[in-house]
Amino acid sequence: MIRKLVLPSIFIFLAYGFWISSDFKEIAAGVAIFLFGMLALEEGFKAFTGGLLEKILQRTTDKLWKSLSFGVISTTVMQSSSLVSVITISFLSAGLISLAAGVGIIFGANLGTTTGAWLVAGLGLKVKISTYAMPMLVFGIILVFQKSKELKGIGYVLAGLGFLFLGIHHMKEGFEAFKDTIDLTAYAVDGYTGVFLFTLIGLAATVVMQSSHATLVLIITALSAQQITYENALALAIGANVGTTITAVIGSLSANIQGKRLAGAHLIFNAITGLIAIVFIYQLTHLVDTTSAFLGIDDDNYTLKLAVFHTIFNAIGVIVMLPFISQLVDFLQQYLKAEAASGPSKPRYLNKAASELPDTAIAAVRQETLHLYDNAAKIIAGGLSLHLKDIHSEMPLDEIIHRSRKVLPTDIDRLYQDSVKGLYADIVDYISLAQGEMSPEQTEELFLLRAAGRDIVEAIKDTKHLQKNLSTYINADNPYIQHEYDNLRKRLASVLRTLHEVRNHGHNSAIILSLDSLKIDMKEHDQSLNNSLNTLIRNKQLNPAMSVSLMNDSSYAYDVTRNLVQMGEVLFSRAELQLKEAERSLSLDDDEVNAMVEQHKDKPL
Amino acid sequence: MNIKKLMRRAEEYLSSDERKRKEKRRYLKQVVRKLRQHEKALKQTLEECSDRDQCRQLKREIVLAHSQRKKGVTQLKALKKKK
């Protein structure tokens, strides 16, 4: 009910304001233009996230200081801590970065956002920035109409900056004119009551505008026109800092548990920083005066002093919270637990937050397909009457096969229904929804990932066909058929082991391509089996029924291998899209595999 | 740099086909380089190998890496010719 009333109330309040004061209209229009500029800027930066951001993030988040610097720099460049936090949440949801790295980025973003205050207070108010806004808008909009994704991105960034500057100009003009008619300082409140009241106003304004940057610019322009007192401006800035977390919280609603934890970290950090600032507001004011004097800022230059305050209190927040980062991560992991329903068949990475950017959507699909493979590998190993953990161990495969004589009761149909089918359906569904604004390369990658999922499903189905005879013959009285089926098990176990090893070397293209050797192995085995079958039948060591079963199952085993290798080449490579494409173009097709097998036959190694 | 050269460079940059060809060549070169290193490492392991089965496997992997590299070199040449 209250929710429904909020928007009409804001509209009525604004309409009334516009009716009684044209200056208020100019200020509000300034805020609107500024926010529109932020939207354009975000759109522009999203155009550049195609692979570049992912690469930077992967390289810069392995250490705390690196993720902290990433937060500072990216927020300084993009001038939006909200955008950085939303991107970080989507990266975390897609499993690309750890929670600790995400928290580091958020801490850094809080420091980076302070540069905005410096830019506006130091440059925006002194120079007539609207002069720069006009050409930026013209050039920006021309570029926005270009076909090239990069030029379009540059266009959005330019237009965004143009609108930001124009918005600041209108806010400034509005407040300048406003002070001739109404003196807002008459409503100033002193002491702690004022601090709390204005903190709440700052918080509410930021929640409504969903941008602490816009609130801060509004505060600075109002302060420069002497429409608010310096003390109240400080409190407003504290409120804006706490209010900005609302964007992250909203962004995390559609994220998985990791994303929610990060939003929690953001909220805790900003709330504690705000609390410290409120409690020590007078000591901080004194510190700001001393620092400003040291930096050569005039005593009455309140706008720059506000920028100093904003930087100091965020820096104090980082200094206070940084030593407790691991405790914070532990706390969040303990209190924000993953839902109990997330069993083996429930998607872990497919969420709306990860679909915000094409890169994170692809990463989420890749992680989920890996999850699908993990479930499938257990089923395939069970179908061979082997334990996956034995296959992944360093024990010789001959020994594993020799020891595993007992048929493991593996209901492949039921396991497939429980832990594969639903998950694969979710992946397919997510891919079809995620294909919005993707480049042809990114769409191709999603298509290949979907095909990798299908290969996994096919491999399970082939294992099911193979399982029936295999369960009968691994304990058969006939030693020859037992030996042949053990051979099949060993070969498939070797495929699973190699895939497990290659998975950990996804960054090396040559290792990914070495998976082709499995196809050659299996093809050779299939051919040599056909040759030895004749001898076995002729010598009455196998009956015709046995030999037909063996021939069929060898063919199933070859299909399992081919499907799994195809899947591995797509799924395990962690290279960027163009490099993956180059890898795939060098992988051997069926004809080339046959040619190599023939070559080996003529010239044995 | 004279104007003609500058114009050609700008045209090349803005032409997406040309850019894609160059990008493809660059990434293909990277994979071929990795394959060469891998082949070299495998040959070194083979020299120290004493186990018969392992040697056989290593030889097979060397042949595979070599043919994949050869395929890459052929593709690189084809991409160069298109210029």
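In what follows, chains are A, B, ... by sequence order, proteins preceding strands, each numbered from 1.
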Do you know which two heavy atoms are closest between [X] and [Y], and how far apart they sit?
X      : Y      : result
B:Q57  : A:S517 : NE2-OG, 4.4 Å
A:L586 : B:G72  : CD2-CA, 3.3 Å
B:V31  : A:A582 : CG2-CB, 3.8 Å
B:H38  : A:I511 : CE1-CD1, 3.9 Å

Notebook entry, point to check: Salt bridge between A:E524 and B:R60, side-chain N to carboxylate O under 4.0 Å?
Noted result: yes

Margin query: Counting only heavy atoms not in A:K490 (residues, nucleotides, ligands), do more than 12 fall under 6.0 Å from its NZ?
Written below: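 Count not over threshold, so no.
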
Checklist line | More than 12 heavy atoms from other groups under 6.0 Å of NZ on A:K152 | finding: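 Counting other residues, nucleotides and ligands, NZ of A:K152 exceeds 12 neighbours.
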
Margin query: Looking only at the side chains, is there a donor atom on one of A:S514 and B:E61 sitting less than 3.5 Å from an acceptor on the other?
Written below: no

Item checked: B:S67 versus chain A, the contacting section by heavy-atom distance below 4.5 Å -> side chain

Notebook entry, point to check: Is it the side chain or the backbone of B:E23 that comes within 4.5 Å of chain A heavy atoms, both, or neither?
Noted result: side chain

Once rounded to the nearest 0.5 Å, what's the spacing between atom [atom1] of [X] and atom [atom2] of [Y]?
X      : Y      : atom1 : atom2 : answer
A:L513 : B:L35  : CG    : CG    : 5.5 Å
B:K34  : A:N508 : NZ    : CG    : 5.0 Å
B:Q68  : A:S509 : CD    : OG    : 10.5 Å
B:L28  : A:Q578 : CG    : CD    : 12.5 Å

Next item on the list: Let me know if A:S585 has heavy atoms under 4.5 Å from chain B in its side chain, its backbone, both or neither.
Entry: both

Item checked: chain B contact via A:Q146 - side chain, backbone, both or neither, heavy atoms under 4.5 Å -> neither

Next item on the list: Identify the residue among A:D516, A:V593, A:L515 that makes a side-chain contact (heavy atoms from CB on, under 4.5 Å) with B:L64.
Entry: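 Running side-chain contact (heavy atoms from CB on, under 4.5 Å) over A:D516, A:V593, A:L515 with B:L64 returns exactly one hit, A:D516.
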
